[in-house]
Amino acid sequence: MNTALHIRSERPSAAVQPRRTAHRVRRAPALVALLAVMLSGAAALAQMPSNQPAGWDAALRPREAVDINPAPDVVEINLEAVVAKVDLGNGQSVEAWTYNGGLPGPLIRTKVGDRLIVHFTNKLPAPTTVHWHGLRVPIEMDGVPGISQPPVLKGEAFTYTFTVSDAGLFWYHPHVASAEQVGFGLYGPLLVEDPQEKVRLGFSEELVIVLSDIGVDEQGRLDDPNSGGTTGMAFGREGNVVLINGKVGKGVLTVRSGAPQRWRIVNTAKSRYFALDLDGQTFTKIGSDGGLTAAPTTETNLVVGCGERLDLIVSPKGAPGSELPFRSYVYNRGYGSIEFRPAEEPLFTLKFADLPAYAGPAPSPISRTVAPLSAAGATKTTMDFTIVQLQNGAFEYGINKKPHWATKPFTAALGETQMWTLVNKTPWSHPFHLHGYFFQVVTETGAPVHPVEWKDTINVPFEKTVHVLVRFDDRPGEWMIHCHILDHAEGGLMGTVRVGLPDGPATPAHQHPPGK
Ligand code: C2O
Ligand code: CU
């Protein structure tokens, strides 16, 4: 019985995956044998308790992509970008830009080492691509138009295929007019699971949470992506409707007091930060962008900038029948970002089931060894995030005063370690993202910041400087760097690093100011 419960909770959307489910049943003996070999704790896996009431996450869990390939280590899916009417869960609906007709795009569930094959079709009225945020893919699969592939034109298709090499929560989104396209709804989560992690945690309840927003007017029309001109760009346009797995925050998670659960959170909003709060109760942070951290930490308020991820254990407590709001507070991301803002509605509400409080073992907050990168011999590079006002009054972002369409690429040799000093003297914070590699945050002298974690996106607060170490260990190519406030990226705060390539001009990608 425990086994059945475990399977159900591990694959919450089995009902919408008939082919995979049928196949899994047929292959069950082989799978079990494989697990027994792979997992020293196979017995523990089978005994894993289900601590939450049945259907605890039914109102919130994201829909999942259908795996059409029966091979156990291949996940093959069809992904279609298409305009579709979506219900935001508050009585409002909107013609959004979607993957497979829904918001967010379907959760792509894989396990570490799997081959992922994505048959992508563009049914949008505009060119697009799919970028796999945080995944260490070959450059040809990175989804950057002009560098890794031509844009996928309206009516065209492209197959993305690569091996998922790192466990963690990642996400996918376009890299063409990304402020507009992400703002219109194009983003989805991609989970790379390590089955050992569940065994080590001792429980299986897990919820993938996609935080985003969308700009919609009373008529249900999408906001103009250029609203406010370059002043709107300089601030970063936030949508007026906050979404949690595509719905306005009316969802209820039914929980047993004290029982542990794992929340995998990604912020896919194009400009909005989230400052998470569980009414003072604690979160145990066990991971972030690139998987588990070197040590868990206990937090009561956690900021997740655009593009960043969090891996949390929560064991919320409350009397049966009572409710607990999971909120985001307004975060000061710079000039004009906190004034006159109404208090936000809860992201969702936890409701305590009429059950005795959980009395099982406390969760073991898992971690892993993350060797700190050494700054010895690292090449030093300064990236100064800049904003200027042009003669015509327009604002323009840049790195070292040059917008991406006028800048020269940074360079790195294969195998080289670099220490980047990210200087932000602009009035706004910038969640800075590097494609294709993880980095580590370090002190000014290059010493590790503990607990050590692998990041691909880091908040560089306004008037602050952040130092990171990155090793370009593999995969030559021209890789993007940019602010993940996508208006800022399009407004100039973007560039590339040519890794292991001969000297040369920037590949003509993203070369021109948007709309010009
Ligand atoms: Cu999510 Cu170029 O990034
Ligand atoms: Cu920015």
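By convention here, the first residue in the shown sequence is residue 1. Just follow the structure's listing: the first ligand is 1, and inside any ligand the first atom is 1.
The six-membered or imidazole ring of Trp171 lies away from that of Tyr99, with a centre-to-centre distance of 6.0 Å or more. Residues Trp132 and Tyr160 bring their aromatic ring centres within 6.0 Å. Here the two rings, on His435 and His175, have centers that are under 6.0 Å apart. Ring centroid separation for the pair Phe120 and Phe158 does not come in under the 6.0 Å cut-off. Annotation: Tyr329 is not in aromatic contact with Phe274 [ring centroid separation under 6.0 Å not met]. Taking the six-membered ring wherever Trp is involved, the centroid distance between the rings of Trp428 and Phe462 does not fall below 6.0 Å.
At most 12 non-hydrogen atoms from other residues, nucleotides or ligands lie less than 6.0 angstrom from CD of Glu444.
Under the 6.0 Å distance and 45° angle rule, Arg475 counts as a cation-pi partner of Tyr437.
Formation of a donor-acceptor pair under 3.5 Å by the Gln181 side chain with backbone atoms of Tyr187 is not found in this model.
Around the Cu ion (ligand 2), the protein contributes the following N, O or S atoms under 2.8 Å, ordered by chain and number: His430 ND1, Cys483 SG, His488 ND1.
Panel detail: atom 1 (Cu) of ligand 1 has protein N, O or S atoms under 2.8 Å away, 3 in number.
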